[in-house]
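Nothing here was measured: the structure is a model prediction, and the numbers come from that model.
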Amino acid sequence: MSNPSSNLIDRMHAEQLLSQTRDGLRKLWLCGLGAYSLATRSSMQTFAALVREGQAMQPKARQQIEETSAELKSSATATIERGEQLVRERFLRPLDFVILATRRDIEQLSLRVIQLSAEVQKLASGKIKSLDKPAAKAEAGPIVGSA
């Protein structure tokens with residue numbers, strides 16, 4: 001059988017071990033809370049520092065963006081101009097020798113012909129009327145006045 005004193009020593013040893021375990025777990029819990037608190041505070045400080053850095057960099061970044069944008073616009077404009085020049089040299093200049101009328105040219109010429117036809121008709125109808133009037137006066141005879 002077990003000795004009562006050894007039983008008591010075992011129980012005290014178990015309670016001491018349990019107490020040490022509780023203390024260890026409590027310290028581990030507090031360590032975790034401390035780490036969370038430190039990380040939160042540190043992240044807020046880091047966030048604030050990053051915001052300050054961003055504010056300090058904003059004018060420089062804006063200037064760099066504007067410079068880059070101007071360079072890109074210039075490059076794009078030059079590329080477009082080169083493309084237009086190539087189209088003029090390789091496509092439009094040979095067509096000048098062929099002298100092909102475009103649909104727009106034909107439409108403009110058609111409108112001009114219609115306008116000219118209307119003017120010719122006006123002039124022709126005006127001359128016909130003016131020719132009819134002198135003939136009618138001639139048939140009426142000379143105007144006799146008091147002479």
For the pair Gln63 and Glu67, evaluate side-chain hydrogen bond (donor to acceptor under 3.5 Å, both in side chains) and give the outcome as yes or no after the intermediate values.
CA-CA 6 Å; Gln63 180 184 4; Glu67 289 172 359; 3.2 Å; yes
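- Counting non-hydrogen atoms of other residues, nucleotides and ligands closer than 6.0 Å to CD of Glu53 gives a total of 12 or fewer.
- A donor-acceptor contact shorter than 3.5 Å links the side chain of Thr79 to the backbone of Ser75.
- Looking at Ser117, its side chain does come within 3.5 Å of a backbone N or O of Val113 through a donor-acceptor pair.
- For Ser37 (side chain) and Leu33 (main-chain N/O), no donor-acceptor pair under 3.5 Å exists by modelled atom type.
- Although no hydrogens or angles enter the test, the distance criterion places a donor-acceptor pair under 3.5 Å between the side chain of Thr46 and the main chain of Ser42.
- Between Arg62 and Glu66 there is no salt bridge, since no side-chain nitrogen of the basic residue lies less than 4.0 Å from a carboxylate oxygen of the acidic one.
- Taken to the nearest 0.5 Å, the CD atom of Gln45 stands 8.5 Å off from the CG atom of Leu38.
- Nearest heavy atom pair, residue Leu17 against residue Thr21, reads O-OG1, 2.7 Å.
- For the atom pair Asp23 CG and Leu28 CG, the distance stands at 12.5 Å (nearest 0.5 Å).
- Here CG of Leu109 is found 10.0 Å from CZ of Arg112. Values are rounded to the nearest 0.5 Å.
- Between Gln85 and Arg88, some side-chain heavy-atom pair lies under the 4.5 Å cut-off.
- Listed for the Asp105 side chain is a donor-acceptor partner under 3.5 Å among the backbone atoms of Thr102.
- A side-chain donor-acceptor contact under 3.5 Å links Thr77 to the backbone of Lys73.
- The distance from atom CD of Gln108 to atom CZ of Arg103, rounded to the nearest 0.5 Å, is 13.0 Å.
- Proximity of a side-chain donor or acceptor of Thr68 to a complementary backbone N or O of Ile65 within less than 3.5 Å is not detected.
- Distance check: Gln20 CD to Lys27 NZ gives 9.5 Å after rounding to the nearest 0.5 Å.
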